[in-house]
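What follows is a short report on a single structure.
Residue numbers start at 1 and run along the sequence shown.
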Amino acid sequence: MNKKLLAFGCLVAMSVVTVVKAQFFRVRELPRHDISLCMSVSNFEPTLFSKGHFGSCPSIQRSGVSGDVIEHSYDGLAGGSANLSYLYNLNNRLGVGLQFSYLEALEEVTARLDNSHYSHSLLAERNCSAFCVMPSARWYWWNYNHFGCYTRVAAGFGFLWEKENDCNLHDDIDFTCGKRKSAKFAYQLSGLGLEWGGSLIRGFAEGGYGVQGYITIGVKATL
């Protein structure tokens, strides 16, 4: 009796797995070329621009009064990041290609509101911009009719331009770090991507972490 129940249980389990694989993980036939454009829809947490830049600046390190009277703010500018991707679909699930991203951010150093030492609230600011080139890969978990679900990763290099401005030339801290160019490791981890629309043109949204920010939304075309 137990053997019969075991065999019946195995048969049911195999049937469930088959149905799940056939229905939930199903994918449609994809065109070979996939081009997408997206932008961040909220302020992002920069992964390329170091928040500790002003803290390492010699002008602050030499000042005996600055440490307890200044504070930093770090905000993404409008749009945050713009991203262009090309993927070549190796099969109906896996696509590989390149992602190009441009992003900007602004860091400000201000005097604390309860401080009377500085007469100017904004002490310095740093304008940052970067262009990234990253090989990318996407895996579809489900893609059928007018809806798809996927995971995407990208990793490569970001080329940074940073410019520091002293906004109060009459205080006792001279921000003289000036301009700087550098290259850093850049990445994007989009754990959940959703797309919707027709067979050639679709809208999509991604949630993840990296140069794109937390949430991006865009449009894609397949050829």
**Request:** Report the C-alpha distance between N143 and N92 in whole Å, list the side-chain angles of each, state the deciding distance to 0.1 Å, and finish with yes or no for side-chain contact (heavy atoms from CB on, under 4.5 Å).
**Result:** CA-CA 9 Å; N143 185 24; N92 293 335; over 6 Å; no
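- A distance of 8.0 Å separates OG of S36 from CZ of R138, quoted to the nearest 0.5 Å.
- Nearest approach of T151 to G191, heavy atoms of both residues: OG1-O, 3.0 Å.
- Legend: residues meeting side chain to side chain donor-acceptor pair (under 3.5 Å) with Y88, ordered by chain and number and at least two apart, are absent.
- Linking Ile, Leu, Val, Met, Phe, Trp and Tyr residues whenever their side-chain heavy atoms come within less than 4.5 Å places W161 and F100 in a single cluster.
- A salt bridge does not link R126 with E164: every distance from a Lys NZ or Arg NE/NH1/NH2 to an Asp or Glu carboxylate oxygen is 4.0 Å or more.
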**Request:** Check the pair N83 / S101 against side chain to side chain donor-acceptor pair (under 3.5 Å), numbers first and verdict last.
**Result:** CA-CA 4 Å; N83 311 276; S101 297; 2.6 Å; yes
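- A salt bridge does not link K179 with E162: every distance from a Lys NZ or Arg NE/NH1/NH2 to an Asp or Glu carboxylate oxygen is 4.0 Å or more.
- In this structure, W141 and W139 have perpendicular ring planes: the angle between them is above 60°, well past the 30° mark.
- For residues 189-200, the set of pairs meeting the salt bridge (charged side-chain N to carboxylate O under 4.0 Å, His left out) definition, not counting sequence neighbours, comprises E195-R202, E195-K220.
- For CZ of F157, the number of neighbouring non-hydrogen atoms (other residues, nucleotides, ligands) closer than 6.0 Å is 12 at most.
- Rounding to the nearest 0.5 Å gives a distance of 10.5 Å between CG of L37 and OG1 of T216.
- Of all non-hydrogen atoms in G158 and C132, the two that sit nearest each other are CA-SG, 3.8 Å.
- Follow the hydrophobic side-chain contacts under 4.5 Å out from M39 and you never reach F131; the two are in separate clusters.
- For the ring-ring contact (aromatic ring centres under 6.0 Å, His included) test, residues two or more places apart in sequence or in another chain that qualify with Y150 are Y140.
- Both Y86 and L94 are assigned to one and the same hydrophobic cluster, defined by single-linkage of ILVMFWY side chains at heavy-atom distances under 4.5 Å.
- Within the model, atoms OG of S190 and CD1 of I215 stand 11.5 Å from one another, a figure rounded to the nearest 0.5 Å.
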**Request:** Begin from the C-alpha positions of V153 and Q188 and carry the test side-chain contact (heavy atoms from CB on, under 4.5 Å) through to its verdict.
**Result:** CA-CA 6 Å; V153 297; Q188 174 64 30; over 6 Å; no
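- Atom CD of residue E206 and atom OG of residue S40 lie 12.0 Å apart, to the nearest 0.5 angstrom.
- Of the N and O atoms on the side chains of Q99 and R152, at least one donor lies less than 3.5 Å from an acceptor on the other residue.
- Under the 3.5 Å distance criterion, the side-chain polar atoms of R32 are matched with a main-chain donor or acceptor of L90.
- Of the possible donor and acceptor atoms, none in the side chain of N89 sits under 3.5 Å from a partner among the backbone N and O of N91.
- To the nearest 0.5 Å, atom SG of residue C149 and atom CZ of residue F204 are 14.0 Å apart.
- Among all heavy-atom pairs drawn from P135 and A155, the shortest one is CD-O, 2.8 Å.
- Side-chain heavy atoms closer than 4.5 Å link hydrophobic residues (I, L, V, M, F, W, Y) into clusters, and following such links, even through other members, never connects L98 to L30.
- Note: the hydrophobic cluster containing Y187 does not contain Y102 (ILVMFWY, side chain heavy atoms under 4.5 Å, direct or indirect links).
- Considering T222, L87, L84, V219 as possible partners of I35, the one that fulfils the side chain to side chain contact (heavy atoms under 4.5 Å, CB included) test is L84.
- Of the possible donor and acceptor atoms, none in the side chain of E104 sits under 3.5 Å from a partner among the backbone N and O of S129.
- Here the closest non-hydrogen pair linking A183 and F159 is CB-CD2, 4.1 Å.
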